[in-house]
Novice: 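Before anything else, here's the structure in question.
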Amino acid sequence: MSELAIIRDGGMLIRDGKIEFVGPSDEIEKKSRGTEIVDVGGRVVLPGFVDAHTHLVFAGNRLDDFERRARGESYQQISKAGGGIWSTVEKTRAASDHDLLVQAKKHADWFLRCGTTTVEAKSGYGLTVEDELKILRVMRSLNEQSPLEIVPTFLGAHAVPRAVAQAILPASQDSQTGLSASRYIELVIDEMLPRLAEEKLAEFCDVFCERGYFDVQQSRKILSAAKELGLELRIHADQLTNSGAARLAAELKATTADHLEKTDEQGIAALKKANVQPVLLPGSVYALGSSDYPRAREMIGAGLPVVIATDFNPGSSPTPSMPMILSLACTQMKMSPAEAITAATINAAYSLNRGDKIGSLERGKLANFSVFDCEDFREIAYWFGMPQTHSVYVRGERIAGF
Ligand SMILES: [Zn+2]
């Protein structure tokens, strides 16, 4: 992870959206007679960032929650006051396909502006059959209309919807959650998964495996059903408690286990043994005002191909900025700048089954790259809070310049 294979005074020959040759500029120039030459003036050129964990499609924002948290209110207080994930679900359900797509396009532009050219995007703010499908269809339209590549993940098991909970057992809080959860899980397995598999709306299935959401047994049930339908697996694991979700990811041979703030040595060893990639999300730790960052150094030490991602969402991580995540990876998780770049490009590409197409600047790969206004790649993680993107290219086309 710490060897970046930097080419000084380097260049690329691009044809039909793909990289045909990478090497020293003078050699490239000899091969490129008659082609257009783009001189980026000694700036840093990197593969477009690959953001392997986002909740890109939602309506509205959570500004009130943000201000309440700043005043020191707890998650429970915020939720009682009408905030939390449920408020985003209500707004997303109420939004038309068109309005959702308009907002999603705005988010997509933010990602491109930060130098990201591929994002994984999760559903999970619908929580009914039609609303989950609506979000996944918006992702499909976005993928067709934006230069940003979207990799869709179904996260119907993001939370148990309130209406289900209230309709069944209004009296007791605990049994209410248990019963409604099992009813909702049936809906996810029997209706949502078969429909979205038929329409080929998702490549991955994810579950929020956490106390108060879906426990290990429930998560196993949903993810096993998804696997049978041909979906690959990602899991929100051990974010708030060490619930055994990392071990579940290993047991089910998930592609990734994400968050892992509370994962211990046994969890790390299980991930390594089963070849599960950790996806670390320091933006949500930062934005929630916590200091419980995941144990990146131990994971790298164990030989795990660590990925870092934004976790872009309106509640706990409202940032599309991979440069900000690079900064947090270096300052809070003690990753080197080179390790952080690897985690945000090639490792992330592999975690989305696209390691052969994107994530590095190599012959035969897509010409997806970003140019930064600096001379040393470490500056991208070092100067934090300042945009350094100069221009962004997707399949060899300049799609943004600043
Ligand atoms: Zn997430």
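Side chains included, hydrogens not; waters and symmetry mates left out as well; all remaining heavy atoms used. Keep in mind that what you see is a predicted model, and the values were worked out from it rather than measured. Remember, it's 1-based here, ligands and their atoms both numbered in the order they're listed.
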Novice: Would you name the N/O/S atom of Asp311 that lies closest to the Zn ion (ligand 1)?
Specialist: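 Per the distance ranking, Asp311 contributes OD1 as its closest N/O/S atom to the Zn ion (ligand 1).
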Novice: Within His259, is some N, O or S atom less than 2.8 Å away from the Zn ion (ligand 1)?
Specialist: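 No - counting backbone and side chain alike, His259 has no N, O or S atom under 2.8 Å.
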Novice: Using a strict cut-off of less than 4.0 Å between a Lys/Arg side-chain nitrogen and an Asp/Glu carboxylate oxygen, indicate whether Glu149 and Lys357 qualify as a salt bridge.
Specialist: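 So Glu149 does not pair with Lys357 through a salt bridge.
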Novice: Just say parallel, tilted or perpendicular for the rings of His55 and His158, cut-offs at 30° and 60°.
Specialist: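 If you compare the ring of His55 with that of His158, the planes turn out parallel.
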Novice: Rounded to 10 degrees, what angle sits at the Zn ion (ligand 1) between His53 NE2 and His236 NE2?
Specialist: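 With the Zn ion (ligand 1) as the vertex, NE2 (His53) and NE2 (His236) sit 90° apart.
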Novice: Are Arg220 and Glu251 ion-paired here, with the side-chain N under 4.0 Å from a carboxylate O?
Specialist: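 Between Glu251 and Arg220 there is a salt bridge, with a charged N closer than 4.0 Å to a carboxylate O.
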Novice: With no hydrogens and no angle check, do the side chains of Thr88 and Arg62 hold a donor and an acceptor under 3.5 Å apart?
Specialist: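 Short answer, yes.
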